[in-house]
Amino acid sequence: MAIPYNHREIEQKWRAEWEKNPVNVDDGKKEKYYCLDMFPYPSGNGLHVGHWRGYVISDVWSRYKLLNGYYIIHPMGWDAFGLPAENYAIKMGVHPAISTAQNVTNIKRQINEIAALYDWDREVNTTDPNFYKWTQWIFVKMFKAGLAYEKEMPINWCPSCKTGLANEEVVDGKCERCGSEVTKKNLKQWMLRITEYADRLLADLDKLDWPEKVKKMQTDWIGKSHGAEVDFAVENREEKITVYTTRPDTLHGATFMVLAPEHALAASLATSETKEAVDKYIFDSSMKSNVDRLQGKEKTGVFTGTYAINPLNGAKVPIWLSDYVLADYGTGAIMCVPAHDDRDFEFATKFNIPIIQVIAKDGEEIENMTEAYTAASGIMINSGEWTGMESSVLKKEAPKMIEKMGFGRETTNYKLRDWVFSRQRYWGEPIPIVHCPKCGCVPVPEDQLPLLLPEVEKYQPTGTGESPLADITEWVNTTCPCCGAPAKRETNTMPQWAGSSWYFLRYVDSHNEKELVNREVADKLLPVDMYIGGVEHAVLHLLYSRFYTKFLNDIGVIDFDEPFKKLFNQGMITGKNGIKMSKSKGNVVSPDDLVRDYGCDSLRLYELFVGPPELDSEWDDRGIDGVYRFINRFWNLVMDNKDKSVAATAEMVRLRHKMVYDITQRLNNFSLNTVVSGFMEYNNKFIDMAKKEGIDKETLETMVVLLAPFIPHVSEELWRELGHDNTVFAAGWPEADENAMVETEKEVAVQINGKTKAVVRLAADIDKDAAIAAGKEAIADKLTGNVVKEIYVPGRIINIVMK
RNA sequence: GCGGAUAUGGCGGAACUGGCAGACGCGCUAGACUUAGGAUCUAGUGGGAGACCGUGCAGGUUCGAUUCCUGUUAUCCGCACCA
C-alpha cells in the first residue's frame with residue numbers, strides 16, 4: 001500500500017523548501033506579470049474565509065502565469081493608517097502604532113497559511129516613515145502644482161468619527177465607515193483638485209479591461225454633462241443670476257427660476273413682504289441634515305417676491321428658493337421649464353405656476369398636461385424664432401446661439417467635486433505644510449521629509465474640528481522654511497486613501513531611499529496587470545489611485561497613466577442566508593481550524609469550488625469534505641500507478657489533451673469553480689480507466705502540473721514522486737493538441753419533434769443520410785406519423801419532425 | 001424613481017456560438033469491508049405508477065429555447081432631486 005496523503009507533513013516540507021529555493025525568480029529574461037491584491041487593513045479580528053477567497057484567486061492566477069513562463073510580481077502589504085486602526089486602538093486602550101504592529105504580525109501569520117507566492121521582500125506598510133515620506137512627497141508635489149489648496153467651506157462632518165469626510169465617503173447621507181448621519185461643518189480644509197482630472201479620468205476608462213459595472217459607477221460618479229449657462233437679469237436690480245441648464249432648447253418655456261437656499265443672493269432677493277418667509281426657509285434648510293433633505297420627497301419652496309427677466313423673450317419669471325436645487329452643482333440656480341422637466345412640473349403644479357409647452361409631443365400641443373414631456377425630440381412650438389425647429393438639433397445648437405446673443409455660454413459640468421483631504425484625527429500622515437504669517441502656506445522642503453508623526457499619549461479625536469496634533473505645542477511651533485520666522489505646522493492628517501492611492505508603485509522598489517520608485521525599475525515592472533479585490537472600492541480607492549497615477553505620470557515619475565490594466569472583483573463569502581460575516585453576528589468562519597484539519601490545499605480548492613468567483617457565496621463547512629476526498633483520490637491514483645509504466649492508449653491521449661484544453665479555457669475565462677469540478681470529473685474518469693487498463697505516466701504528470709496552481713503542495717510532492725528532481729513550477733503549462741482531441745465516434749441524441757427518444761453512437765464523419773437512417777432505425781417503433789422534416793446536427797442531434 | 005445583476009433538484013452549482021437540462025460536489029438511500037465507523041469502496045438519487053412533466057411567471061420566434069425576443073414578479077447591488 002502506498003503512502004497515504006498527509007497534508008501536515010507535505011505542506012510543512014514544501015513550504016520550507018520553497019523558502020530556501022524560491023520557485024519564482026527574476027532571471028532578467030522573463031516577461032513580468034504583476035498580479036496584485038488590494039492590501040488589507042490589519043484588523044484586530046484577523047482573517048476569515050472570505051478574505052482568503054480573494055487571496056486564493058490571485059495566487060492561483062499568479063501561479064498559472066508563473067507556469068506560463070512569467071516572472072511574477074505578487075506582493076503584499078498593510079494599509080495601516082486611518083480610522084479603523086485608530087478606533088481599534090482607542091477601544092483597546094493601546095497606542096495605534098502598537099496595536100497595528102501586533103495585528104500585522106497575526107495577519108501575516110494567517111496569510112502565510114495560504115502559501116501564496118508573496119514576495120515579502122517587497123512588503124510595504126503605509127505607517128512606515130520610509131513609506132509615508134513619499135506619501136507626503138506626493139502631496140508637496142501636488143501643492144507645488146497647484147492641485148492641493150486650502151479652503152474654508154461647509155464640509156461633510158461625521159459626528160461619530162469626529163472628522164471631515166470626502167464626498168466619496170458619504171453614502172446615502174451617512175458615513176461610509178460607521179453609518180452615522182453626516183452633518184455639515186464649516187472648516188478650513190485641504191482639498192485636492194481631482195476635478196482638474198475629471199475629463200481624463202472619464203475618457204481613459206475606455207482603455208481599461210475592467211468590469212463594466214465599475215466603469216459605469218465611475219462614469220456616473222464623474223457625472224459629466226453638457227449644456228449652457230444663461231444670464232438672467234433681475235428686475236429692478238443690478239445683479240444678474242446665472243443658471244446652468246442642459247436643455248437650453250426649452251428656454252422659451254421657462255416660467256420660473258429656483259435658487260438653492262444657500263445661493264449667495266438668496267436672502268437679498270426677498271422683498272419687505274416676503275422677508276420673513278424667505279429668512280425662515282433659508283434657516284430651516286440650513287438646519288436640515290443631508291438625510292432629511294434627500295428623504296423629503298414632497299417639494300418645498302418659497303417665493304422671493306422678485307422677478308428675473310428671460311433674456312430670450314423678455315418674460316417676467318418669478319424667483320423662488322427651494323432645496324431641490326443644490327448649491328454646489330452648476331451655478332446653484334436653475335431656470336425651470338415645468339412642461340419638460342419632472343421636478344419643475346411637480347413644483348409648478350404644487351405652487352400654481354404656469355406651464356408653457358415648447359416641444360410638441362407627437363406633433364401636438366397637449367391640452368391638460370398631467371406629466372412633463374422630457375424627451376428631447378419633437379418640433380418646437382411657442383418658441384418665437386425657434387418655433388418649428390427640431391428640439392434635438394436645437395439642444396445642440398442653442399448654447400452657441402445663446403453665446404452669440406450675448407447672454408450665456410456653452411459649458412460642461414461634473415458631479416465630481418474636489419477631494420476633501422484633511423482629517424482631524426491622529427493616526428495618519430501629517431500634512432507637510434507650515435503656516436507662516438508672512439509667507440502663507442509653505443511646504444516642508446522635500447529633503448526634510450518624512451515629517452514624522454509625533455509620538456503622543458493623547459491621540460483621541462477632539463471633536464472640535466481640530467486635530468489632536470494641535471495640542472502638541474512643541475511640534476506645532478516651528479519656523480518657516482522660507483523666511484525663518486516663527487510659524488505653525490498644519491495639524492490635520494491625511495485620509496487613509498493617501499497611502500493606498502499609490503502603494504502599488506512602491507512594491508517594485510520598496511527599499512529605495514532616494515526616489516519614490518526608480519524610473520528604470522518602474523518602466524520594467526509596472527503597471528499592475530491584474531488587480532483583485534472587492535467591489536466596495538469601485539469609486540473610492542480606484543478613482544483616487546487613477547488620479548494619483550495620472551499626476552505622477554504628469555510629473556514624470558512613471559511613464560503610464562493608468563495603474564491597473566485589468567480588474568477583477570471577487571464576490572463576498574457570507575455566512576448562512578447571505579448574512580455578512582462579522583464578529584457581532586457570530587458567524588465568522590476562521591480558516592485556521594480548516595487548514596489544520598484539511599490542509600491548505602483543500603481549503604484553497606474549496607474557496608474556489610463554493611461558487612463563481614465574481615458572485616457572493618454562502619459558506620458551508622461541510623462541502624470541504626468533497627474537495628478533501630478529491631485530493632485523496634487523486635493522490636492515491638498517482639501513488640498507485642506511478643511505477644506501473646502503462647503505455648498510453650489512444651483514449652488516454654485523447655482525454656489528456658481534452659483535459660488540458662478544458663482546464664486552460666476555463667482558467668482563461670476565470671471560471672475557477674468549474675476548473676475544480678472539471679478536475680474532479682477527469683479524476684473520476686482516470687480512476688475508472690486505471691482500474692480497467694491502467695493509466696500512463698504522462699497523463700498523471702499532466703494533471704499534476706495543471707493542479708499545481710491550485711494545490712501547490714500536493715502537486716509538488718507528487719511531481720517528485722513521479723521522478724522529477726526540480727520543482728513542478730518549472731514544468732511549464734501543458735499545451736493541448738486539438739488534433740489529438742478528435743473523437744472517432746460520437747453519441748448523438750435522436751429526437752422526435754425536439755424530444756429525445758434514443759441515443760446512438762455514430763462515426764464522427766458519417767454523412768447526413770446515413771446518420772438519419774441510423775437514427776430512424778433506433779426509434780423505428782415510434783415513427784408512426786408523417787415525417788415532415790429531418791435535421792442532423794453533426795455529432796449532436798438527429799431530429800425527426802412528424803405530424 | 002433610474003441603472004445593473006440574479007432566479008435551474010433537499011442544498012452549492014454546471015450547460016461552449018440555440019442542440020440529450022441537472023455535469024461536479026454536499027446531503028440522502030441501499031450494499032460491501034470492518035469490533036466499530038463521522039473512514040473507505042460500490043450502486044442509486046428532479047417529479048410522476050405511466051405516457052409524460054419540468055430551468056421565477058405569462059406569451060412569442062424556432063424542427064428544437066435555461067440560452068433569443070416581448071411583457072411581468074421577486075431578491076440583491078449601485079445611483080438617487082446633478083437642472
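Note that the structure is a prediction, hence the values are computed from the model and not measured. Note that these values count all heavy atoms, side chains included, but never hydrogens, waters or copies made by symmetry. Chain naming here is simple, since letters A, B, ... match the order of the sequence lines and numbering starts at 1 in each.
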If you compare every side-chain N and O of A:N799 against the phosphate oxygens of B:G19 (OP1, OP2), does one of them come in below 4.0 Å? no

Measuring only the P atom in each nucleotide, how far is B:A65 from B:C16? A whole number of Å is fine. 16 Å

With rounding to the closest Å, how many angstrom separate the C1' atoms on B:U8 and B:C57? 15 Å

OP1 or OP2 of B:C52 less than 4.0 angstrom from a side-chain nitrogen or oxygen of A:K757, does that happen here? yes

Separation of atom CD in A:E618 from atom C1' in B:U75, rounded to whole Å: 13 Å

Tell me what A:V759 touches on the nucleic acid: a base, only sugar-phosphate, or nothing, going by heavy atoms under 4.0 Å. base

Residue pair A:K213/A:Y628 against RNA chain B: nearer the 5' end by closest nucleotide is A:Y628

Scan every strand shown for a Watson-Crick or G-U wobble partner of B:G59, both distances under 3.5 Å, and answer none if you come up empty. B:C69

Just name whichever nucleotide pairs with B:G44, Watson-Crick or G-U, keeping both distances under 3.5 Å, else none. B:C28

Closest nucleotide among B:G19, B:A83, B:A80 to the A:D172 side chain: B:A80

Value in whole Å for how far the P atom of B:C63 lies from CD1 of A:I772: 15 Å

Describe, in one word, how the ring planes of A:Y628 and A:Y5 are oriented to each other, choosing from parallel (under 30°), tilted (30 to 60°) and perpendicular (over 60°). tilted

Whole angstroms only, please: what is the CD1-C1' distance between A:I797 and B:A21? 12 Å

Heavy atoms only, 4.0 Å cut-off, all strands: where does A:E747 land among base, sugar-phosphate and nothing? base

Tell which nucleotide pairs with B:A23, taking only Watson-Crick or G-U wobble pairs whose two distances are both under 3.5 angstrom. none

Distance, rounded to the nearest Å, where A:D616 contributes CG and B:U75 contributes C1': 12 Å

A:K415 backbone acceptor or donor facing A:R417 side chain under 3.5 Å: yes

Is it true that A:F303 and A:F256 have ring centroids separated by less than 6.0 Å? no

Side chain of A:T756 (C-beta onward), nearest among B:G78, B:C24, B:C20: B:C20

Check: A:T300 main-chain N/O paired with A:S322 side-chain donor or acceptor under 3.5 Å: yes

Counter-base of B:G3, judged by Watson-Crick or G-U geometry with both distances under 3.5 Å: B:C77

Can you tell me the Watson-Crick or wobble partner of B:G37, both distances under 3.5 angstrom? none

Are OP1 or OP2 of B:A51 and a side-chain N or O of A:K755 less than 4.0 angstrom apart? no

Of the nucleotides B:C24, B:A14, B:C26, which one has an atom closest to the side chain of A:S677? B:C24

Nearest to the side chain of A:N684, heavy atoms from C-beta on, is which of B:G25, B:C20, B:C81? B:G25

Confirm from the modelled atom types if A:R761 and B:C20 form a donor-acceptor pair under 3.5 Å, side chain to base only. no

OP1, OP2 of B:C26 versus side-chain N and O of A:R629: anything below 4.0 Å? yes

Which whole-number value in Å describes the distance from A:D688 CG to B:C41 P? 12 Å

If I pick the P atom on B:G13 and the same atom on B:C53, what distance separates them, to the nearest angstrom? 29 Å

Does A:N673 reach a base, just sugar-phosphate, or nothing at all? Heavy atoms under 4.0 Å. sugar-phosphate

Of all the choices, B:A83, B:C26, B:C20, which nucleotide is nearest to the side chain of A:A749 once you look at every atom? B:C20

Of the nucleotides B:C79, B:G19, B:A83, which has the atom closest to the A:V171 side chain? B:C79

When you measure from the side chain of A:R796, which nucleotide among B:A83, B:C16, B:G13 comes out closest? B:C16

B:U66 to B:G18 separation - P atoms, rounded to the nearest Å: 13 Å

Nearest-nucleotide 5' precedence on RNA chain B, A:G678 against A:T331: A:G678

From A:T304 atom OG1 to A:L259 atom CG, the distance as rounded to the nearest 0.5 Å: 8.0 Å

C1' gap between B:U75 and B:C26, integer Å: 24 Å

Are any of A:Y329's side-chain N or O atoms less than 4.0 Å away from OP1 or OP2 of B:A83? yes

Can you check the A:I663 CD1 to B:A23 P distance for me, whole Å? 18 Å

Rounded to whole angstroms, how far apart are NZ on A:K215 and C1' on B:G78? 17 Å

Distance between C1' atoms of B:G37 and B:A7 (Å, rounded): 41 Å

Would you verify whether the NZ or CZ of A:K224 falls within 45 degrees of the ring axis of A:Y414 while also being under 6.0 Å from that six-membered ring's centre? no

Identify which nucleotide among B:G12, B:G13, B:C20 has an atom closest to any side-chain atom of A:Q751, counting heavy atoms from C-beta outward. B:C20

Scan A:K691 against the nucleic acid and name what it touches under 4.0 Å (heavy atoms): base, sugar-phosphate only, or nothing. sugar-phosphate

Please name the nucleotide paired to B:G54 by Watson-Crick or G-U wobble geometry with both distances under 3.5 Å, or report none. none

Is the glycosidic torsion of B:G9 within 90° of 0, making it syn, or is it anti? syn

Side chains of A:L605 and A:D601: closer than 4.5 Å at any heavy-atom pair? no

What does A:K415 touch in the nucleic acid at a heavy-atom separation under 4.0 angstrom: a base, only the sugar-phosphate, or nothing? base

Measure from the ring center of A:Y281 to the ring center of A:W320 and say whether it is less than 6.0 Å. no

salt_bridge(A:R53, A:E607) N-O dist < 4.0 Å: no

Is there a side-chain polar atom (N or O) of A:S225 under 4.0 Å from OP1 or OP2 of B:A83? yes

Using atom C1' in both nucleotides, what's the gap between B:A49 and B:U40 to the nearest angstrom? 37 Å

Is there a side-chain polar atom (N or O) of A:R633 under 4.0 Å from OP1 or OP2 of B:C41? yes

Which nucleotide wins on minimum distance to the side chain of A:Y324, given the candidates B:C26, B:C79, B:C81? B:C81

What is the distance, to the nearest angstrom, from the CG atom on A:D620 to the P atom on B:G13? 11 Å

May I ask you to say whether A:D688 pairs ionically with A:K685, meaning some side-chain N is under 4.0 Å from a carboxylate O? no

Determine the interatomic distance between C1' on B:U62 and the same-named atom on B:U70; round to the nearest Å. 16 Å

